[in-house]
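Worksheet for the structure shown next.
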Amino acid sequence: MAEAHIPCSIQGRAKTVSSFVKKALTNVYEDVWEETTDKAGVRVIFEHAGDLERGLKIAQGLFPDSTLEDERFEEGFEQRLSYPKIHLQVRILDSELSPDRMSCEIQLRTAAQDLWSRMSHALLYKPLATSSPVVRRSLYRLLALVELYDAEVERAMTDMTSNPAFEESQLLHSAEALYHEFVASDYRLDLSQEVIPVLLQVIDTPILAYIETLEEFSKNNRAKLAEFFRDYGPESASGLSGQNVLATQPECIIIFELISRKPEALRARWEENILPEDWLSEISGSWGVHL
C-alpha cells in the first residue's frame with residue numbers, strides 16, 4: 001500500500017479463545033476449526049472508497065488464490081443493519097510455523113465504515129440484553145450518514161484529482177518536503193506555480209511513480225544537495241543577493257533530477273514555454289551541468 005501511495009491503517013489480531021468458543025457455541029458448523037475463517041484477521045482501513053478499490057486490487061494481486069466475499073451487490077443486502085462487507089479469505093503456507101496452510105481474513109473498509117462498525121458492535125453485540133428499537137433506528141440513521149459521507153468524499157476526490165492543478169500541487173508538495181530537509185526558509189509560491197507546470201511536461205510517468213523517483217534521487221544525492229543549498233540556498237550569500245533565483249525554490253530538486261535523465265527534453269520544454277533562459281542556465285551551472 002505504501003509503494004502505491006495509498007494512505008491507510010492496518011491492524012491485525014488473533015481471535016481470542018473465548019471469542020472462538022462463543023462463536024462455536026452460537027453457530028452450527030460441520031468443522032468449526034476449518035469454517036472459522038477469521039482466527040487470524042487483518043483489517044485495512046482506507047480514507048475513501050476510491051483508495052479501497054485500489055487497495056483491493058493490490059491485495060488480490062498479492063494473494064491470487066484468495067477468495068473474495070463482497071456483499072456490495074448481494075440481493076436484499078440493503079435490508080440488513082450493516083455496511084457491505086469486503087473480505088478476502090487467504091491461505092498461506094509457512095513451513096516454519098505449520099505444515100498446513102494457515103487461513104487469514106483480510107477485511108477492507110473505509111474509515112467511516114470502521115467508525116460505524118466499532119460503535120454498532122458495542123451497541124448490538126456486546127450487551128446481553130436485546131437492543132431496543134431506539135438503538136437499532138439510531139444505527140440505521142448513522143449507517144445512512146456513513147454511505148452519504150463516503151459518497152460525497154469520493155465525489156470530491158474524483159473532481160479534485162481530475163483538475164490539472166492537482167498534479168502540480170502533489171509535485172510541489174513532495175518537492176517542498178524534500179526541500180525543507182535542507183532549508184528552513186520559505187519560498188516564492190508564484191515562482192513555483194510558473195515553473196512546475198513546465199516540469200510536468202517533461203515528466204513522462206504517472207505523478208505518484210515520479211514522486212518515488214524524486215525521493216530516491218534526493219536520497220542518493222543527499223550530500224550534494226546539502227552542499228548545494230549551503231552554497232546557493234536562501235541563507236547563502238548568493239541567495240541573499242537574489243541571484244540564481246531557482247536555487248531558493250523547492251522545484252530546483254525536480255530540475256536536478258530531470259537534468260540527470262532528460263536534459264534535452266527539459267531545455268526544449270523550457271524554451272517552448274518561454275521561461276527566462278538565465279533561470280535554467282544558472283541553476284544547471286550551479287549543479288555542475290551547463291544547459
Side-chain angles (χ1 to χ4, degrees), residues 2-5 7 156-157 159-291:
E3 288 176 355
H5 292 273
M157 288 296 299
D159 182 77
M160 183 174 69
T161 55
S162 63
N163 188 331
F166 179 69
E167 284 196 345
E168 297 173 14
S169 176
Q170 279 191 307
L171 184 56
L172 178 57
H173 177 74
S174 299
E176 179 191 83
L178 297 173
Y179 176 75
H180 281 152
E181 291 182 7
F182 303 95
V183 176
S185 299
D186 208 349
Y187 60 92
R188 284 179 52 190
L189 181 59
D190 63 316
L191 192 55
S192 296
Q193 291 171 332
E194 187 175 356
V195 174
I196 289 285
V198 177
L199 302 182
L200 274 171
Q201 295 174 25
V202 186
I203 297 168
D204 56 1
T205 56
I207 191 63
L208 293 180
Y210 179 74
I211 288 172
E212 284 189 10
T213 299
L214 187 64
E215 291 171 349
E216 188 67 18
F217 173 83
S218 178
K219 178 181 176 182
N220 294 337
N221 292 273
R222 189 168 185 81
K224 186 173 181 180
L225 284 168
E227 182 181 0
F228 168 81
F229 285 117
R230 185 169 57 251
D231 294 341
Y232 299 99
E235 300 301 323
S236 68
S238 172
L240 292 172
S241 71
Q243 299 175 346
N244 200 354
V245 291
L246 292 181
T248 60
Q249 295 287 119
E251 58 269 24
C252 71
I253 301 177
I254 306 171
I255 293 173
F256 297 150
E257 194 285 320
L258 292 174
I259 285 175
S260 70
R261 294 186 303 111
K262 308 182 72 173
E264 296 84 2
L266 176 60
R267 164 61 76 180
R269 292 290 180 269
W270 201 274
E271 292 176 349
E272 287 173 10
N273 288 273
I274 321 177
L275 289 177
E277 185 177 339
D278 59 321
W279 288 3
L280 183 59
S281 61
E282 287 177 355
I283 193 68
S284 61
S286 58
W287 191 248
V289 179
H290 295 284
L291 290 181

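A quick note: this is a predicted structure, and the numbers were derived from the prediction, not measured.
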Are any non-hydrogen side-chain atoms of [X] and [Y] less than 4.5 angstrom apart?
X    : Y    : answer
L172 : P250 : yes
W279 : L191 : yes
F229 : E235 : no
Q249 : V195 : no
P234 : V183 : yes
Y179 : L225 : no
S218 : F182 : yes
F228 : I283 : yes

Listed once per pair and sorted, the salt bridge (Lys or Arg N to Asp or Glu O under 4.0 Å) pairs that draw on [range], sequence neighbours left out:
range            : value
residues 186-196 : R188-D190
residues 276-286 : none
residues 162-181 : E181-R222
residues 256-265 : D204-K262, E257-R261

Can you tell me how far [atom2] of [Y] sits from [atom1] of [X], rounded to the nearest 0.5 angstrom?
X    : Y    : atom1 : atom2 : answer
L266 : E271 : CG    : CD    : 10.0 Å
I211 : T205 : CD1   : OG1   : 9.5 Å
L199 : I254 : CG    : CD1   : 5.5 Å
S192 : E251 : OG    : CD    : 3.5 Å
N221 : L178 : CG    : CG    : 11.5 Å
S260 : I255 : OG    : CD1   : 12.5 Å

Donor-acceptor pair, [X] side chain versus [Y] backbone, under 3.5 Å?
X    : Y    : result
Y187 : L246 : no
N273 : L275 : no
S284 : L280 : yes

More than 12 heavy atoms from other groups under 6.0 Å of NE2 on H180
yes

Got a sec: does the CD of E3 have more than 12 other heavy atoms crowding it under 6.0 Å?
no

Let me see the working for R230 and E227 under salt bridge (Lys or Arg N to Asp or Glu O under 4.0 Å), right down to the final yes or no.
CA-CA 5 Å; R230 185 169 57 251; E227 182 181 0; 5.0 Å; no

Can you give me the closest heavy-atom contact between W270 and P276, atom names plus distance?
NE1-O, 3.0 Å

Which atom pair, heavy atoms only, marks the closest approach of A175 to I253?
O-CD1, 4.3 Å

For P263, the side chain to side chain contact (heavy atoms under 4.5 Å, CB included) test, sequence neighbours excluded, returns L291

With Q193 via side chain to side chain contact (heavy atoms under 4.5 Å, CB included) - residues at least two apart:
L189

Check the pair I203, L171 against side-chain contact (heavy atoms from CB on, under 4.5 Å), reporting the backbone distance first and the verdict last.
CA-CA 11 Å; I203 297 168; L171 184 56; 3.8 Å; yes

Can you list the steps and then say if E215 with S174 is a side-chain hydrogen bond (donor to acceptor under 3.5 Å, both in side chains)?
CA-CA 8 Å; E215 291 171 349; S174 299; 5.2 Å; no

